[in-house]
Amino acid sequence: MAVKITTRAENYSQWYIDIILQAKLADYSPVKGSMVIRPRGFAIWEKMKSVLDSMFKETGHSNAYFPLLIPESFIKKEAEHIKGFAPELAVVTHGGGEKLEEPLVIRPTSETIIWAMYKKWIQSYRDLPLLINQWANIVRWEKRTRLFLRTTEFLWQEGHTAHASKAEAQEETLRMLFVYQNFAESFMAMPVLTGEKTESEKFAGAVKTYSIEAMMQDRRALQAGTSHNLGQNFAKAFDVTYQTQNGERDHVWATSWGVSTRLVGALIMAHSDDRGLIIPPKLAPIKAVIIPIFNNQNKSRVLSYAKVLFERIKTSYSTEIDDDEQNKPGWKFAEWELQGVPVRIEIGPRDMENDQVVLARRDTGKKITIPAKDLEETLGNLLEEIQNNLYHRALLLRKKNTYQIKEYAEFKEIFDGPGGFIESAWCGNPECEAKIKEETKATIRVLPLGRDELKNHNCIYCGSTADKIAVFSKAY
RNA sequence: CGGGCUGUAGCGCAGUGGCUAGCGCGCUCGGUUCGGGACCGAGAGGCCGGGAGUUCAAGUCUCCCCAGCCCGACCA
């Protein structure tokens, strides 16, 4: 037994790390807190990237690239922004062997450099809206890191838009939030809550921050994407104004939104099991793998039969064939399960004789035997079924572990015990939020969207009148 | 950034201050196997995380540094 994955029950954190290392998604780099994304991990990110990128294009955004290095003074222009990011900045003080006159910051996010440029590009309402996205790496000096979930350097996408009105910026903020929701649910098969962040969890420099939040298998929350309404904060800091239709000047209204390689971590923790990775078919770089089963007598016949089937499906279903002769089938089964390939196609002498193939699905492990002529159709349906099943499985987990709680004693009990999501009324006072965090380690993940204003409710903590529902959870 | 644990072959680990540092898996070669992680035989592979010290003698003792993991404060 070469490969051993710690079970989730034994140690959830170790399980997560084992999967990443064993499935060769990533590896630790020599620099503390940073990681190498290996081909198998990067392939998943590339898939995510291409789906998201086309969603951004469909909503009217164009890609551009802004530089990695930002003058330190830029970061300092927006008061809240610098306050939020100062502790996490990596600063370049030397270049070309000489001390720099002004230190350069490695971008922790690009608002400042982008708004410095937007000032040059925006003069009139005719220049608006300006809808730009960039795919980039960023650096935030993190004290405590975890593969994919929090590393010093990571890859992400950041959209930065400028608008002529407050309402339009708000509309854009929510539009992109829903793009993220759609991506998470339809492609990652990962149900998410959408909602607004509280003041304390808001992005430094935003007027409002919204996020999508998913429940991982250990019942903790993971923030999987954020969308910010920046109001006029950056426009004012960088003095970006435009001339309105009736000749007046106004500061422009802004949004920014992003998702990162953290999504790969989310994907792992949402679906995978004690045998290894499980990738939802829509994001799986390899959707099916053919394992020919042969011995010395029938090797050439089985292989050629398997290869005919392989040729039939390889382009429409991005299939691989594992015709290695060293490892036995059982070894291959385990190996490809570890890699998370959604469907395994077993083809042996028995199947060859009966014109059939065996399909094994990664999510449930169940095997079915089907006529070879039905392969394309059945495989297509099966992939769809797996995608749906993963989503519903994750949704069920969240439902089972979401509670509506009115009594603080009960609230505490849940976070002392199994954990999960708790929906409770909250008065809006940051002090109650802080106390709850102190006492239970749970934070407000979101104030969910689409909930009616509450009547006759009392704050879970202080008991005073509350008109908001908040979702509490321990979070990554 | 604090507290704990750990660094010995690619990976997982043994290794009373003493002579040539081992075991399992993996790797290479040859053969037999092949429907849920096969077996036999022969090999290759080590600055014992780095540095300084104590000692006749250090993988082993002391100090410093580095890295990783776990637990806390800060964060996508």
Side-chain angles (χ1 to χ4, degrees), chain A residues 1-6 11-14 16-18 21-22 24 27-35 83-89 108-109 137-158 180 197 200-204 209 211-214 221-228 256-266 275-276 291-299 302-303 322-338 344-353 356-358 360 365 367 369 437-438 441 443 475-476:
Chain A
M1 189 83 63
V3 170
K4 208 167 172 186
I5 296 173
T6 308
N11 183 341
Y12 190 82
S13 302
Q14 194 56 49
Y16 174 74
I17 292 161
D18 283 354
L21 298 179
Q22 311 278 20
K24 301 190 169 83
D27 205 348
Y28 293 103
S29 97
V31 175
K32 185 187 171 115
S34 58
M35 64 185 268
K83 232 167 71 190
F85 281 108
E88 317 180 45
L89 291 180
T109 177
N137 58 335
I138 60 177
V139 167
R140 295 180 185 176
W141 217 259
E142 297 290 350
K143 309 246 162 114
R144 191 173 170 187
T145 57
R146 264 160 147 327
L147 294 169
F148 285 113
L149 296 182
R150 183 170 297 105
T151 47
T152 296
E153 179 187 356
F154 58 95
L155 304 181
W156 77 345
Q157 133 307 290
E158 46 181 326
Y180 289 154
K197 287 290 190 183
S200 68
E201 299 268 331
K202 213 176 64 177
F203 172 72
T209 290
S211 76
I212 56 170
E213 301 275 335
L222 182 79
Q223 178 172 306
T226 49
S227 186
H228 315 289
S256 70
W257 27 273
V259 294
S260 70
T261 37
R262 170 179 262 200
L263 289 180
V264 178
R275 289 167 167 262
I291 314 275
I293 296 154
F294 51 79
N295 59 32
N296 277 334
Q297 281 70 52
N298 55 31
K299 183 165 91 187
V302 170
L303 273 179
D322 186 352
D323 54 6
D324 179 283
E325 294 181 29
Q326 302 310 310
N327 296 315
K328 289 178 64 180
W331 189 92
K332 295 178 183 177
F333 295 172
E335 182 60 23
W336 288 100
E337 278 168 0
L338 171 64
R344 177 179 67 244
I345 304 171
E346 302 174 11
I347 301 175
R350 276 202 314 261
D351 305 305
M352 187 173 60
E353 275 158 34
Q356 64 183 35
V357 296
V358 175
K367 293 189 188 190
T369 303
K437 182 177 178 182
E438 205 183 303
K441 294 190 182 114
T443 51
Y476 276 95

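All chains are named by letter (A, B, ...) in the order of the sequence lines, taking the proteins before the strands, and each is independently numbered beginning at 1.
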Rounded interatomic separation in angstrom, taking [atom1] from [X] and [atom2] from [N]:
X: A:Arg344; N: B:G37; atom1: CZ; atom2: P; answer: 12 Å
X: A:Asn295; N: B:G31; atom1: CG; atom2: P; answer: 17 Å
X: A:Asn298; N: B:C34; atom1: CG; atom2: P; answer: 9 Å
X: A:Gln297; N: B:C34; atom1: CD; atom2: P; answer: 8 Å
X: A:Arg350; N: B:G35; atom1: CZ; atom2: C1'; answer: 5 Å
X: A:Asn327; N: B:G35; atom1: CG; atom2: P; answer: 12 Å
X: A:Trp331; N: B:C27; atom1: CH2; atom2: C1'; answer: 12 Å
X: A:Ile293; N: B:G35; atom1: CD1; atom2: C1'; answer: 4 Å

* How about A:Asp18 and A:Gln14: does a side-chain donor come under 3.5 Å of a side-chain acceptor? -> yes
Paired with [N]: which nucleotide, if any, by Watson-Crick or G-U wobble criteria at under 3.5 Å for both distances?
N: B:A21; answer: none
N: B:C61; answer: B:G53
N: B:A42; answer: B:U28
N: B:G7; answer: B:C66
N: B:C47; answer: none
N: B:C34; answer: none
N: B:C1; answer: B:G72

Have a look at [X] and say if it touches a base, only the backbone sugar-phosphate, or nothing, with a 4.0 Å heavy-atom cut-off.
X: A:Thr443; value: nothing
X: A:Lys197; value: nothing
X: A:Val358; value: base

* **A:Lys367 (side chain) and B:G36 (base): donor-acceptor pair under 3.5 Å** => yes
Spell out, as yes or no, whether a donor-acceptor pair under 3.5 Å connects the side chain of [X] to the backbone of [Y].
X: A:Asn296; Y: A:Lys299; result: no
X: A:Tyr16; Y: A:Leu147; result: yes
X: A:Gln157; Y: A:Trp257; result: yes

* Below 4.0 angstrom from OP1 or OP2 of B:G35, is there any side-chain N or O of A:Lys328? -> yes
* Asked: When you match A:Thr261 and A:Phe333 each to their closest nucleotide on RNA chain B, which lands nearer the 5' end?
  -> A:Phe333
* RNA chain B: 5'-proximal contact among A:Pro329 and A:Tyr476 (nearest heavy atom) -> A:Pro329
* To do: Check the surroundings of atom CH2 in A:Trp141: do more than 12 heavy atoms from other residues, nucleotides or ligands lie under 6.0 Å from it?
  => no
Rounded to whole angstrom, note down the [atom1] distance from [N] over to [M].
N: B:G59; M: B:C47; atom1: P; value: 13 Å
N: B:A14; M: B:C23; atom1: C1'; value: 7 Å
N: B:C40; M: B:U33; atom1: P; value: 15 Å
N: B:C48; M: B:G35; atom1: P; value: 43 Å
N: B:G3; M: B:C65; atom1: P; value: 12 Å
N: B:G43; M: B:U62; atom1: C1'; value: 41 Å
N: B:C13; M: B:G17; atom1: P; value: 22 Å
N: B:A44; M: B:G26; atom1: C1'; value: 13 Å

* Structure fact -> Distance col, row A:Met352:CE vs A:Ile293:CD1, nearest 0.5 angstrom, shows 11.5 Å
* Structure fact -> Those residues at least two apart in sequence (or on a different chain) that pass side chain to side chain contact (heavy atoms under 4.5 Å, CB included) with A:Ser200 are A:Thr198, A:Glu433
* Asked: With centres under 5.5 Å and planes under 30° as the test, does A:Phe154 stack with B:A76?
  -> yes
* Determine, for A:Phe154 and A:Arg262, whether the Lys NZ or Arg CZ falls below 6.0 Å from the six-membered ring centre while staying within 45 degrees of the axis. => no
* **Of the listed nucleotides B:C34, B:G36, B:A76, the one nearest the side chain of A:Asn296** => B:C34
* To do: Run the salt-bridge test on A:Lys197 and A:Glu213 with the 4.0 Å N-O cut-off and return the result as yes or no.
  => yes
* Asked: Can you say whether the rings of A:His228 and A:Phe203 are parallel (under 30°), tilted (30 to 60°) or perpendicular (over 60°)?
  -> parallel
* **Reading 5' to 3' through nucleotides 67-74 of chain B, protein heavy-atom contacts under 4.0 Å coded B for base, S for sugar-phosphate only, - for none** => SSSSBBBS
